[in-house]
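Accompanying notes for the structure given below.
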2 protein chains.
Amino acid sequence: MFISKTSEYALRILTYMALNSETQLSATILFEELRIPKRYLMRLLTDLSKSGFIQATRGRSGGYVFARPLESIFFSEIIDSVEGLLSYEGCVLGNPVCPIDKPCAMHHIWDKPKLTFLQTLKTTTLADLKEADNI
Amino acid sequence: MFISKTSEYALRILTYMALNSETQLSATILFEELRIPKRYLMRLLTDLSKSGFIQATRGRSGGYVFARPLESIFFSEIIDSVEGLLSYEGCVLGNPVCPIDKPCAMHHIWDKPKLTFLQTLKTTTLADLKEADNI
DNA sequence: ATAAACTAATACTTATAGGTATTATTTTAT
DNA sequence: ATAAAATAATACCTATAAGTATTAGTTTAT
């Protein structure tokens, strides 16, 4: 399942906003562009505000803009705030610890994909999207 | 979240069985060794039997052994039978399609970790565990 | 024969993630 | 002033995953 649906939504919201970061975007516009149930989307927007990623302006001509520079927002931080990153860091077989002298059966096999995954999340920011877009 | 808890359990069961494939193992023994709720474990064992991974012997001295050679059981197949692999294959942002000429915002970034993950699952079998154990 | 030690099947309960509804609050155009 | 158009907060509902209970069926040692 990789990431939760809520994480997927959060990424969809923030990547869309990142690619349109010049303009303030209202929940209604985001709803029309992304395929996320409106009320759930609004709740996520509030969550993302509270987490400090975006900033809300209330009132008639309100909407959302980023509260921080895109270069400072790593994907790892987004997923961490939505569903936590711990379950990704831990042992695949769910062992509380996976000691180096007696690792779990799948340790060696899982190591590489896990590292690639976490490294990507931890080294990529929303600002990198615009770069990637030009490849 | 990477994989579901049920997938995690299935892997725990089959990896343990793979490392002890000489002996027939009863549900009770597996319950004592692995940290899985007994009744749930038994249901999973029945599922894994139906899926053809293992073979059950009923009755007093019953238990489970592999129904197929370890070399033929890829991790991808296990996870596929438990929770399906489709959600892993698809677009991270949940786009129904991610066309090559206009891929989703995260396409380039996600590509590598996704491939590493799927490749590992699709090229590693339960037989590889014993090898890995000797590293 | 029969009791012990197993697996099989199915129905039910609980916890969690995802989604909805309602009401309150803020801002701005008029 | 006030109505319109936004966000905020909180409570509620629903679907799914995880876990439990019950009952049935099978085999073997005695």
Side-chain angles (χ1 to χ4, degrees), chain A residues 1-13 17 23-67 79-84 86-88 93-94, chain B residues 1-13 17 23-67 79-84 86-88 93-94:
Chain A
M1 133 187 346
F2 247 137
I3 58 172
S4 70
K5 208 152 199 183
T6 306
S7 286
E8 184 185 307
Y9 289 161
L11 291 180
R12 229 189 268 167
I13 293 167
M17 287 185 66
T23 41
Q24 176 181 264
L25 297 164
S26 69
T28 305
I29 290 180
L30 290 170
F31 167 67
E32 283 158 3
E33 293 296 331
L34 314 169
R35 304 160 308 286
I36 302 172
K38 184 151 189 189
R39 290 172 193 281
Y40 198 58
L41 165 69
M42 294 186 71
R43 223 176 60 181
L44 289 181
L45 286 167
T46 305
D47 289 348
L48 293 171
S49 295
K50 281 189 186 163
S51 306
F53 296 113
I54 57 179
Q55 193 166 31
T57 308
R58 294 173 80 152
R60 186 160 179 159
S61 56
Y64 301 89
V65 293
F66 278 98
I79 293 186
D80 194 28
S81 92
V82 173
E83 60 163 320
L86 259 78
S87 64
Y88 294 96
L93 295 187
Chain B
M1 135 190 340
F2 250 138
I3 59 173
S4 70
K5 208 151 198 185
T6 306
S7 286
E8 185 186 307
Y9 289 161
L11 292 180
R12 228 188 271 166
I13 293 167
M17 286 185 67
T23 41
Q24 175 180 267
L25 298 164
S26 69
T28 304
I29 289 180
L30 289 170
F31 167 67
E32 281 159 4
E33 292 296 330
L34 315 169
R35 306 161 306 288
I36 303 173
K38 182 150 190 189
R39 290 171 192 281
Y40 200 57
L41 164 70
M42 293 187 72
R43 224 177 57 183
L44 288 182
L45 287 168
T46 305
D47 290 348
L48 293 172
S49 294
K50 282 189 187 164
S51 307
F53 295 113
I54 57 179
Q55 194 167 31
T57 307
R58 296 173 81 154
R60 185 161 180 157
S61 57
Y64 302 88
V65 294
F66 278 99
I79 293 186
D80 194 28
S81 92
V82 173
E83 61 162 320
L86 259 78
S87 64
Y88 293 97
L93 295 186

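For clarity, every value in this text was computed on a predicted model and none was experimentally measured. Proteins get letters first, then strands, A, B, ... in listed order; numbering begins at 1 in each.
In this structure, S61(A) does not reach the dT27(C) phosphate: none of its side-chain N or O atoms is under 4.0 Å from OP1 or OP2. Distances shorter than 4.0 Å separate none of the side-chain N or O atoms of T46(B) from OP1 or OP2 on dT7(C). Considering only side-chain N and O atoms, K5(B) lies nowhere under 4.0 angstrom from the phosphate OP1 or OP2 of dT16(C). The phosphate of dG19(C) has OP1 or OP2 within less than 4.0 Å of a side-chain N or O from Y9(A).
If you measure from atom CZ of R39(A) to atom P of dA24(C), you get 15 Å, rounded to the nearest angstrom. At whole-Å resolution of the value, CG in L45(B) and P in dA9(C) are 13 Å apart. Atom C1' of nucleotide dC6(C) and atom CG of L25(B) are separated by 14 Å, given to the nearest angstrom. Rounded to whole Å, the distance from OH on Y40(B) to P on dA15(C) is 15 Å. As a whole-Å value, the separation of R43(B) CZ from dT13(C) P is 15 Å. We find that CG of L41(B) is positioned 9 Å from P of dT7(C), with the value rounded to whole Å. The distance from atom CG of D47(B) to atom C1' of dT7(C) is 13 Å, rounded to the nearest whole Å. Rounded to a whole Å, the CE atom of M42(B) is 11 Å from the C1' atom of dA5(C).
When each of M1(A) and K50(A) is assigned the nucleotide of DNA chain D with its nearest heavy atom, K50(A) is the one assigned upstream, toward the 5' end. Place G59(A) and T6(A) on DNA chain C by their nearest nucleotides, and T6(A) ends up nearer the 5' end.
A pairwise comparison of heavy atoms in E8(B) and L93(A) identifies OE2-O, 3.4 Å as the closest pair. Nearest heavy atom pair, residue I36(B) against residue R12(B), reads CG1-NH1, 3.7 Å. Nearest heavy atom pair, residue E83(A) against residue S7(A), reads OE2-OG, 2.9 Å. A27(A) and Y64(A) get closest at one heavy-atom pair: N-CE1, 4.1 Å. Nearest approach of S26(B) to G62(B), heavy atoms of both residues: CB-O, 4.1 Å. Contact detail for S51(A) and S81(A): the closest heavy-atom pair is OG-OG, 4.0 Å.
Relative ring orientation between F2(A) and Y88(B) is described as tilted, the plane-to-plane angle lying within the 30° to 60° band.
Scanning atom types as modelled, no donor and acceptor separated by under 3.5 angstrom connect the side chain of R58(A) and the base of dT28(C).
With a heavy-atom cut-off of 4.0 Å to chain B, the contacted part of DNA chain D has its first and last nucleotide at dA18(D) to dA29(D).
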